[in-house]
Amino acid sequence: MKKNKIMFIGNFILYMIIGGLAGGLAVTLFDSSHKFLEIQLTKLQTNITTIVLAVVIVILICILMNVYKKAKKYRKLDTNTDDEDEIEVQLEKTLIYPPVLLGLITTLALIILNIVINLSEEPSVIGLIITCLSLVITAPLSYMHLSNLRKLYPERNYPKAGDKKLNEKLVDMMDSGEQYITLVALQKTFSLNQQLIIWIIGLASIFSITSNNNQFFSVSLLIILYLVNTMYYTKKVSETF
């Protein structure tokens, strides 16, 4: 039930962002002034927005820490009781939450960056400080996730975060069923990302035509990203043959 709630919140934020951008673009296409997406926030508005988002990030970090604390509690129970299988299941369910929470924290940090740099009339010192802190915090949190897995499962020999063959070692640790599920998920994610990049290129090009904002640089970066994804994927797949 808790897992469904967290996934619901994550999907809600994602759909809210996509819906807002799509709606804004649609209005811009039918608005002769093309000012709907030309939003600018005052220093006060920027500070209030960034502070609110920063508070949300702090709350999510606290939830994340509580999840790790709960997982460690399950691990201690696992070594002291006879009901090991049930506790192991609960531990695995608990460890589903951290990647979702980390994704939400990173997303909010990037939103703060976007607001302070692109929407503010003049970036304030407070906004820039909050932006730097929110971005700096995300890296240690990701490292801490793998570090916690190493402590919770010492017998699995989880690789270190800086390991050059981190992904390969993580896949090797999985059984055949987990590898199949991961492969299908990654394949669907890759296909979805490529399709989204094409759609975003198209929408950005339409916006560039119908407004006075030239999107050549953004579209060029997206095209490069599409090409890099395609070539890297093809290269890695061909290496297995």
Side-chain angles (χ1 to χ4, degrees), residues 2-3 6-7 10 14 57-58 60-81 84-110 113 132-194 197 224-241:
K2 291 181 180 179
K3 172 189 172 183
I6 292 180
M7 295 302 296
L14 174 62
I57 289 178
V58 171
L60 290 176
I61 291 175
C62 291
I63 295 174
L64 180 63
M65 296 299 103
N66 186 59
V67 169
Y68 286 133
K69 184 178 179 181
K70 186 177 180 180
K72 291 177 182 178
K73 182 180 178 181
Y74 277 130
R75 173 52 70 189
K76 290 181 180 179
L77 291 174
D78 190 15
T79 58
N80 297 325
T81 64
E84 295 183 3
D85 293 338
E86 179 63 26
I87 294 175
E88 186 67 24
V89 171
Q90 293 300 323
L91 177 61
E92 294 289 344
K93 289 182 178 179
T94 302
L95 291 176
I96 292 175
Y97 305 146
V100 178
L101 292 169
L102 287 171
L104 292 176
I105 292 170
T106 303
T107 300
L108 290 175
L110 293 175
L113 173 66
C132 293
L133 288 176
S134 60
L135 291 174
V136 168
I137 287 173
T138 55
L141 286 176
S142 300
Y143 175 84
M144 184 181 65
H145 176 61
L146 193 56
S147 177
N148 276 290
L149 290 178
R150 286 170 57 85
K151 294 178 181 178
L152 291 169
Y153 298 103
E155 72 281 1
R156 295 187 182 181
N157 295 322
Y158 270 96
K160 295 182 179 180
D163 197 309
K164 293 182 179 180
K165 294 186 177 181
L166 174 64
N167 295 323
E168 289 85 346
K169 290 182 178 180
L170 289 175
V171 172
D172 290 339
M173 291 171 58
M174 303 176 185
D175 58 34
S176 58
E178 290 174 330
Q179 288 179 349
Y180 175 77
I181 294 173
T182 302
L183 174 62
V184 172
L186 290 176
Q187 178 62 42
K188 289 183 177 180
T189 302
F190 171 77
S191 300
L192 178 61
N193 283 339
Q194 294 295 82
I197 290 173
I224 293 173
L225 176 60
Y226 178 85
L227 180 61
V228 169
N229 282 348
T230 302
M231 298 305 295
Y232 186 79
Y233 173 81
T234 304
K235 176 178 178 295
K236 287 300 179 180
V237 171
S238 63
E239 287 177 354
T240 62
F241 295 103

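We use all heavy atoms of the structure for the numbers below, so side chains are in, but hydrogens, waters and symmetry mates are not.
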- request: Report the residues that fulfil side chain to side chain donor-acceptor pair (under 3.5 Å) with T230, sequence neighbours left out, ordered by chain and then residue number.
  value: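 Counting only residues at least two positions away or on another chain, T230 forms a side chain to side chain donor-acceptor pair (under 3.5 Å) with Q194.
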
task: Please list, chain by chain and in numerical order, all residues satisfying side chain to side chain donor-acceptor pair (under 3.5 Å) with Y226, sequence neighbours excluded.
output: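 Side chain to side chain donor-acceptor pair (under 3.5 Å) list for Y226, sorted by chain: empty.
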
To the nearest 0.5 Å, what is the distance between [atom1] ([X]) and [atom2] ([Y])?
X	Y	atom1	atom2	result
L186	S191	CG	OG	10.5 Å
L183	K188	CG	NZ	11.0 Å
L102	I61	CG	CD1	9.5 Å
N66	T94	CG	OG1	10.0 Å
I224	I197	CD1	CD1	11.5 Å
I57	T106	CD1	OG1	8.5 Å

- prompt: What are the two closest non-hydrogen atoms of L101 and I63, and how far apart are they?
  reply: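 For L101 and I63, the tightest heavy-atom pair comes out as CD1-CG2, 3.9 Å.
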
- prompt: Of the non-hydrogen atoms in A185 and T189, which two are nearest, and what is the gap between them?
  reply: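 Shortest heavy-atom contact: O-OG1, 2.7 Å.
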
- prompt: Do the non-hydrogen side-chain atoms of P99 and H145 ever get within less than 4.5 Å of each other?
  reply: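 Side-chain contact under 4.5 Å: yes.
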
- prompt: Just wondering, do L95 and L149 contact through their side chains at under 4.5 Å, heavy atoms?
  reply: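 They are in side-chain contact.
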
- prompt: Excluding sequence neighbours, so at least two apart, what forms salt bridge (Lys or Arg N to Asp or Glu O under 4.0 Å) with K169?
  reply: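 K169 satisfies salt bridge (Lys or Arg N to Asp or Glu O under 4.0 Å) with D163 only.
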
- prompt: With sequence neighbours left out, what residues match E92 under salt bridge (Lys or Arg N to Asp or Glu O under 4.0 Å)?
  reply: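 Listed in chain order: R156.
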
field: Selection residues 148-172 - residue pairs positive for ring pair (Phe, Tyr, Trp, His ring centres under 6.0 Å), sequence neighbours left out
entry: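 Output for this query is empty, none listed.
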
query: So which pairs with a foot in residues 173-194 pass ring pair (Phe, Tyr, Trp, His ring centres under 6.0 Å), sequence neighbours left out?
result: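 Qualifying pairs, neighbours excluded: F190-Y233.
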
Enumerate, atom names and distances included, each donor-acceptor pair closer than 3.5 Å involving a side-chain atom of residues 134-143, sequence neighbours excluded.
residue : atom : partner : partner atom : Å
S134    : OG   : I130    : O            : 3.0
S134    : OG   : T131    : O            : 2.8
T138    : OG1  : L135    : O            : 2.7
S142    : OG   : T138    : O            : 3.2

Check: residues 170-177 side-chain donor-acceptor pairs under 3.5 Å, at least two apart:
residue : atom : partner : partner atom : Å
D175    : OD1  : G177    : N            : 3.1
D175    : OD1  : E178    : N            : 2.7

- prompt: How would you list, by chain and number, every residue that makes a side chain to side chain contact (heavy atoms under 4.5 Å, CB included) with K72, sequence neighbours excluded?
  reply: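 Here the qualifying residues are N148, L152.
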
